Every structure is written in structure tokens, then in C-alpha cells.
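Shown next, in C-alpha cells, is the structure this report addresses.
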Amino acid sequence: MSQPLPVAPIEDITVLIFGASGDLTSRKLIPALYRLYKDGFLSDRSLVIGVARRPKSDESFRAELLAAASDHARDGMDLESWTRFAERLHYVQANLSSPEDFHRLRQEVESLEQDNGLTGKRLVYLSTAPELFLPSIESMAAAGMIPPPEHRDRLRVIIEKPFGHDVESAHSLSESLNRLLSEDQIYRIDHYLGKETVQNLLLFRFGNAIFEPLFNRNHVDHIQITVGETQGIEGGRGGYYDKAGALRDVLQNHVLQLLCLVAMEPPASFEADYIRNEKLKVLQSLAPGRPGGPIADWAVAGQYAAAAIKGKRVKAYLDEERIDPDSRTETFAALQVRIDNWRWAGVPFYLRTGKRMPSRVTEIAIQFKLPPLNLFHTVECDGDVCGIVDARPNTLVFHIQPKECISLTFCAKRPGMNYQVQPVNMDFSYQNTFSGGLPEAYERLLLDAMRGDSTLFTRSDELEAAWRFLDPVLKAWESADHHPELYPAGQWGPKAAHQLLQRSGRSWRSPDVEAAPAKPITNATVTVDTPVE
Ligand code: BG6
């Protein structure tokens, strides 16, 4: 196997994390930066400066992060490299909503940079409440922390989601930011794009010649994208989630980005803007799966109700911490959409995401059309009742998480004296193929932003196109007479989500069952060996 590419450490960088006392900093950002440092991507001069409101010394900041990093560092951590990394960590107390604090912040950052021989090339990570995105940048400008346009590569800003809450607010935020920063300084993060298995979609599609000719309306029956989570609304997130809901929290960003990658045209070159131009075209071609009728014909909202999961009582969404007891926020969203272009016209795309699903799974399943003729009359029995089953379609599944693999289901002959069809899988699994763990999404994305590579970040026009498509759904779901349909926690959403597919004779996959590795074909799996006449 080929060796990893040699690493050229980034010599001159100050990473500033605004909102450094939040959960994201301890669970994701610091473990990712530590790993980049340990792997030699960050030099011994680089600085990571946490900025937040609470007073804290460097020592107590480091001590808090040590505890978090021991829990969250990929493949664990060793004290020796952590101690060296911790020397790079500093804390500056500042109230991000108080412009005056930014003058002091600037002085403290500059003084640290001077002490470490750094020239002030900065990456600012806005890990704050969304209402502080713009004020933070405005205060940076007022404190002289935004370099002039000719030196704009000295400052890059990563902005977490939610970037707006509808098309208007996203547009107005972009406009306001663009008065102070140029588009190539803004890195809107969608951590799904940093996942190794998501990036592999592009390589799989455009680095192989055999699959791409099949990715179109002539061969594909439909595509399903699922982002399912078993967790409910964990401590502290209720306040945010109850305002967002599943459509804004996951579907508008993660699910639509997956859709773009699986549906886009090959880019002319593997460069940020070429790829983002192709993704934008997909978003601009999105259309309701069943146009002309009410939104409920193609968009389903659900909310989890209390239920017992594996014998354990799980509370309803409405009883979770910091949730309005009368909330109509959806914890599940399913859409049937079309991509009205030459490649995909007529192919339904079914998208779903939800909390309190039966399993944690993210996958994209491409179901191909059936062979034109069912030549093999396979018999299957359920107890004493036997019958001929339909031909089985080929399915190509990108398992994004938790199992990282790609599997192709096709039909094989069951051993025996007749032609009986057995669906079997051909699997490529990361774990069995590559040694070493996969990099965490935030490692890749932080490094790309430091290097100035925006390929895996979302451009403002992409974001606005996504909001524009979803705006009518959001409006319909916010109207006074709309209520999400309840589903018992631990199930794949409400009945209406199943009806979306049933009316065209299709059904959702059960990823927990179908993601299981193919059973070996043995005579033991053959139940009946004589065709029914
Ligand atoms: C985040 C959402 O963007 O993605 C969360 O805000 C969600 O609600 C999370 O749980 C899922 O990410 P992952 O990487 O765990 O699938």
C-alpha cells in the first residue's frame, strides 16, 4: 500500500476560537487541533487562543481541555504530545457582544504572536450563538483586526451553522459579512463534507469509469438518503433545537449536501469553485416530488412520542429539557424531491432525517431499475406458505456511518438444482482495507481552512439555493394549523413518511437490517429447491 503523503507543517498560524467555553470546542475543535499538531500538520510556533466571556487563566483552560481531550481525542492521547500542545493553548477573556473588549483582545493576541515569532496570520472560528456572528466580525473590524483587501489571505473565518434560518436571513447575513470580508475569507462549515466517506463519494463517482454511466434516469429507479440518530435532544440543546427542528438542523445542510454529491455533474477540474458550481446547479434544479398539490404530498414532519426502547422508557420530545411543552417543532423530516435536469428527470429522491430513530445510520442508497424480464422464478417460504418472489433490484449503498463501507447488492444463483436467485453483497469496507483510523471531519476542515482550500465548505449561493427550495416547507410547517405527526421513539418516523413511498409501490430501506454484511451462500439458506408451478 502506498505511504501517506509527507506532511508540511503550517508554520505561521494563530487559531482564535470565539465561544471557546462551548461544547464544540471541547468535543471537536480541540481534539482535532491536538491531532493535527500531533501528526505534524501544525508547527511548534502555532497558537490556539480560546476567547469567551468567563474569566479563566491559561492553566485552568488547559486543565479543562485536557479532561475533554482524553475523552474525545481520536485513538486516545498521550501525555507527552498533549503537554507540548497545551503550551500552544491560551485563553483570553472577552465579551463578544462588547466591541470595547476587542481592542484588548487585539493587544493580547498580538503580544502572544510576537512572543512566538508569528506574523499574525489568523484563522477565526466562530463557535458562538448565531446572533454573535455578525457583531463579532463588526467588532473585529472596529478594532483593526481585519486586514486590508491586499492582505486578505491573513485572515480566514470559519462560521458554524445555522447560517440564517431562511433564505432572507441567510442572504442578509451574507451581504452584511461581505461588507467586511471577501467571500474567499469566509468558510461556512458543514462537518458532513469533512467526513472521509462523504469525500469518497466524489472519488468513487469521478475516479472510476464503470459506475458513472449508470448514474442517471435510464438506470436508476430511485435514491434514498437517510441520516438517522438514536439520540433525542441531549442536555442543553433544547433551546436551540426547538427553534430549529430537523429540517433546519440536518436536512437543509447535511442531507442536501449529500444529495449534491451523489447527483452533481463531473466538475471540469477538482477545484473549489468548479465543484461548488456543480453542487449549486443541483440545488437550483430541486423541485417538489409531487408538484401542484399541497406540501404534505411530498414533505412529512414528525415528532417523537414517549415509548419503550429495548425495555427502557424514553420520554417524549415535549418532555425534554428546555422544550416548549406545546412545541410543534419536528424531530423528523422526510421529503420526496426531484432534480429537474437531463440526468435525473423523473427519478424520485427520498430524503429523511430524525432523532430517536431505531439506529444511528447515515447512508445513501441508489436503487437501480429491475431487469426488463424476470426470468428466474425464485420461491420463498414463510412457514408453510411458499410463493414466487419478484426480481430483486441492484442497490449501491454508500454507508457513511457508523459502518464505513460501500456495498453493491446483486443477484447470484443459489446452489442447487434449480435457478433460484439469492441477493448477495460485494462490500468495500474502510476498516478491512486501510489501516489506521479515519481522520475526524473537523481535522480535515480545520486544516483545509488554514491552507486556504475551500472545496469542502459551502458557498453563499449554495446555501441560499438550499434555503430557497425549503422556504415553502418551513412556512407551511410554521403555519398555525400544522402539527407534526407523532411517532413512537425508536421507530423510523410517522406513518405518513412510509406512505410517501408506498403510493408508488416502493418502501424505505431498513438500514439496521440491510446494512448487515451479506450472509454466505450455503445450501443451508436454501429453503425450497423445487419451483412452484
Ligand atoms: C449537527 C446537528 O449538525 O449534526 C446535530 O446540529 C446532529 O443535531 C449532528 O446530531 C449529527 O452529526 P453526526 O456527525 O453525529 O452525524
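One is the number of the first residue; the rest follow in order along the sequence. These numbers come from a predicted model, not from an experiment.
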Margin query: Between the side chains of Arg237 and Asp23, is the shortest nitrogen-to-carboxylate-oxygen separation below 4.0 Å, so that they form an ion pair?
Written below: no
Margin query: Whether the side chain of Lys161 engages the backbone of Asp249 through a donor-acceptor N/O pair (distance < 3.5 Å, no angle test) should be reported.
Written below: yes
Note to self: Closer than 3.5 angstrom, by distance alone: can the side chain of Gln185 be matched with the main-chain N or O of Ser182 as a donor-acceptor pair?
What the structure shows: yes
Margin query: Could you go through Arg88 and Asn116, starting from their C-alpha distance and side-chain angles, then the distance that decides it, and tell me whether this counts as side-chain hydrogen bond (donor to acceptor under 3.5 Å, both in side chains)?
Written below: CA-CA 9 Å; Arg88 318 310 316 143; Asn116 287 277; 2.8 Å; yes
Next item on the list: Could you note down all residue pairs passing ring pair (Phe, Tyr, Trp, His ring centres under 6.0 Å) where residues 439-459 supplies at least one of them, sequence neighbours left out?
Entry: Tyr187-Phe457, His191-Tyr442
Notebook entry, point to check: Any sub-3.5 Å donor-acceptor pair from Asn341's side-chain atoms to Trp344's backbone N or O?
Noted result: yes
Check: Hey, does Phe18 have a side-chain heavy atom less than 4.5 Å from the side chain of Leu105?
Finding: yes
Notebook entry, point to check: Does Phe204 have its ring centroid less than 6.0 Å away from the ring centroid of Phe206?
Noted result: no
Notebook entry, point to check: What's the spacing between Glu87 CD and Asp44 CG if we round to 0.5 Å?
Noted result: 8.5 Å
Margin query: Once rounded to the nearest 0.5 Å, what's the spacing between atom CE of Met357 and atom OG1 of Thr331?
Written below: 6.5 Å
Next item on the list: Apply salt bridge (Lys or Arg N to Asp or Glu O under 4.0 Å) to Lys281 and Glu265, showing your working.
Entry: CA-CA 9 Å; Lys281 287 187 211 158; Glu265 295 299 322; over 6 Å; no
Next item on the list: Check whether any side-chain N or O of Glu404 sits under 3.5 Å from a backbone N or O of Gln401 as a donor-acceptor pair, and report yes or no.
Entry: no
Check: Short question: side chain of Trp467, backbone of Phe163 - any donor-acceptor pair under 3.5 Å?
Finding: yes
Next item on the list: State whether the side chain of Arg35 and the backbone N or O of Asp75 hold a donor-acceptor pair below 3.5 Å, judged by distance alone.
Entry: no
Notebook entry, point to check: Is a side-chain donor or acceptor of Arg276 paired with a backbone partner of Ser454 at a separation under 3.5 angstrom?
Noted result: yes
Note to self: Checking Phe332 against Tyr487 for the ring pair (Phe, Tyr, Trp, His ring centres under 6.0 Å) test, could you report, in this order, the C-alpha distance in whole Å, the side-chain angles of both residues, the deciding distance, and whether it holds?
What the structure shows: CA-CA 9 Å; Phe332 173 93; Tyr487 60 95; 5.8 Å; yes
Next item on the list: To the nearest 0.5 Å, tell me how far Ser127 OG sits from Ile159 CD1.
Entry: 12.0 Å
Margin query: A cation-pi test, strictly: NZ or CZ of Arg352 under 6.0 Å from the centre of the six-membered ring of Trp492 and no more than 45 degrees from its axis. Yes or no?
Written below: yes
Next item on the list: State whether Asp184 and Arg152 are salt-bridged, where the test is any N-O pair (Lys NZ or Arg NE/NH1/NH2 against Asp/Glu carboxylate O) under 4.0 Å.
Entry: yes
